[in-house]
Amino acid sequence: MITVVVGLQWGDEGKGKIVDTLISTGWVVRYQGGANAGHTVYKNGTKFVFHQLPSGILNPEIKNGIAAGCVVDPEILIEEIESITQKGINISNRFFIDSRVPLVLKFHKLIDKAIDKKRGIGVTGRGIGPTQADRARRWALRMEDLFLKENDLKDKLNDTVEFYNFILNNYYKEKQEIKIEDILSTLGKFKSYLTEENIIDLSTIIQNAIDNKQKILFESAQGSLLDINFGTYPFVTSSHPISGGIYTGVGLPPQKFDRVIGVMKAYTTRVGSGPFPSRVPEKIESFIVDIGMEYGATTGRKRRCGWLDLELLKKTIRLNGVTEIALTKLDVLSGLNEIKILIEKENEYKYKIFKGWNK
């Protein structure tokens, strides 16, 4: 059984909760994104926010994987591993990272913030885009490089650090100097949390699991409207949250998924900049933010809130091949006597209004 859980809006739809509810055995694999996403899961009254760890990590019966399409921030992953182990959760023999995953390092975060200061896209500043750019430039440091000898690792970093120091100081006028020694120290600590058994060819392992009819759940990190190709470009992420991203993100041949569950809120939210045609008036937005606790799990930023946009949902349902919908947060709207839904009529957007709907 292959299940895919995707967000149908701009993220923050409640995917983590759905993943945690759905699967009891098998694998949960995150196929794209990095620490710029936050999945919130509650277990026995305790709140967990995972930026890197897959949402199945709390269940001792589930193996969890971070696929090659993702990027990993060593510092944040260390924090998350420490946090759950302190709460008695054992991840031995059930947490794995593909050896091809690029590492997010200090200079990626610095350049990410510098670029956004200049361009104003509204990124999280977690260094995801620059790391993906390094992947495309073919000089990213990958998980497999952690096990190089220190001098070889240092040589591999030299040109990259020199490049970023030059760009930060001379173009962005940021008085920052990245030191290789600091990066090596971080990587050394990170390596102490892992063994070569954690760093694997996840693509082959997951294909074998599929062949052996194991349960596999693939989870995206962001919503479909942030896809770098099909989202609201340029206000998008740097990877493919849509279900098609699984093929290249995990490394699988095209095949039919048994279930593609599209997660959507009963209204719409987005964090950061970018077009948002269904945004509600300020008074209603304050109500939704307060009742729905609409603050970004990664940045803490207040989310912009809007009515449900059916036209965008039609697009993302098609892009993902959705077979089922999981609707979340309908109860948040129960305090409103009137709600609106954005529809297209005669090639222009109009609202369909429901009055007294919650009575």
Would you tell me whether [X] and [Y] have side-chain atoms, one donor and one acceptor, within less than 3.5 Å of each other?
| X | Y | value |
| --- | --- | --- |
| K265 | T269 | yes |
| T195 | N198 | yes |
| E162 | N158 | no |
| D201 | T204 | yes |
| T232 | W10 | yes |
| S24 | N59 | no |
| Q222 | D227 | no |

State yes or no: are the ring centers of [X] and [Y] separated by less than 6.0 Å?
| X | Y | value |
| --- | --- | --- |
| Y267 | F287 | no |
| H240 | F230 | no |
| F96 | W27 | yes |

Donor-acceptor under 3.5 Å ([X] side chain, [Y] main chain):
| X | Y | value |
| --- | --- | --- |
| D211 | A209 | no |
| S334 | L330 | no |
| D73 | A35 | no |
| E219 | S55 | yes |
| Q32 | A221 | yes |
| K173 | N170 | yes |
| S224 | G7 | yes |
| N93 | I91 | no |

Pair [X] + [Y], salt bridge at N-O below 4.0 Å:
| X | Y | value |
| --- | --- | --- |
| R126 | E75 | no |
| E285 | R279 | yes |
| R94 | E61 | no |
| E181 | K179 | no |
| E82 | K87 | no |

Please name the residue in the list R270, R303, K329 that meets the side-chain hydrogen bond (donor to acceptor under 3.5 Å, both in side chains) test with D12.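 Between D12 and the candidates, side-chain hydrogen bond (donor to acceptor under 3.5 Å, both in side chains) is satisfied uniquely by R303.
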Would the number of heavy atoms belonging to other residues, nucleotides or ligands and lying under 6.0 Å from [atom1] of [X] be above 12?
| X | atom1 | result |
| --- | --- | --- |
| Y171 | OH | no |
| N212 | CG | yes |
| E282 | CD | no |
| Y193 | OH | yes |

Start with the C-alpha distance between D134 and R137, add both sets of side-chain angles, then the distance that settles salt bridge (charged side-chain N to carboxylate O under 4.0 Å, His left out), and finish with yes or no. CA-CA 5 Å; D134 278 0; R137 279 193 281 259; 2.8 Å; yes
So how far is it from F95 CZ to L53 CG, rounded to the nearest 0.5 Å?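 Answer for the CZ-CG pair, F95 versus L53, is 5.0 Å.
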Steps toward salt bridge (charged side-chain N to carboxylate O under 4.0 Å, His left out) verdict (E324, R259): CA-CA 7 Å; E324 304 165 51; R259 306 172 74 188; 2.7 Å; yes
Same cluster for [X] and [Y] if Ile/Leu/Val/Met/Phe/Trp/Tyr side chains link at under 4.5 Å?
| X | Y | result |
| --- | --- | --- |
| I199 | I76 | no |
| L77 | M143 | yes |
| L336 | L327 | yes |
| V101 | F107 | yes |
| I128 | L103 | no |

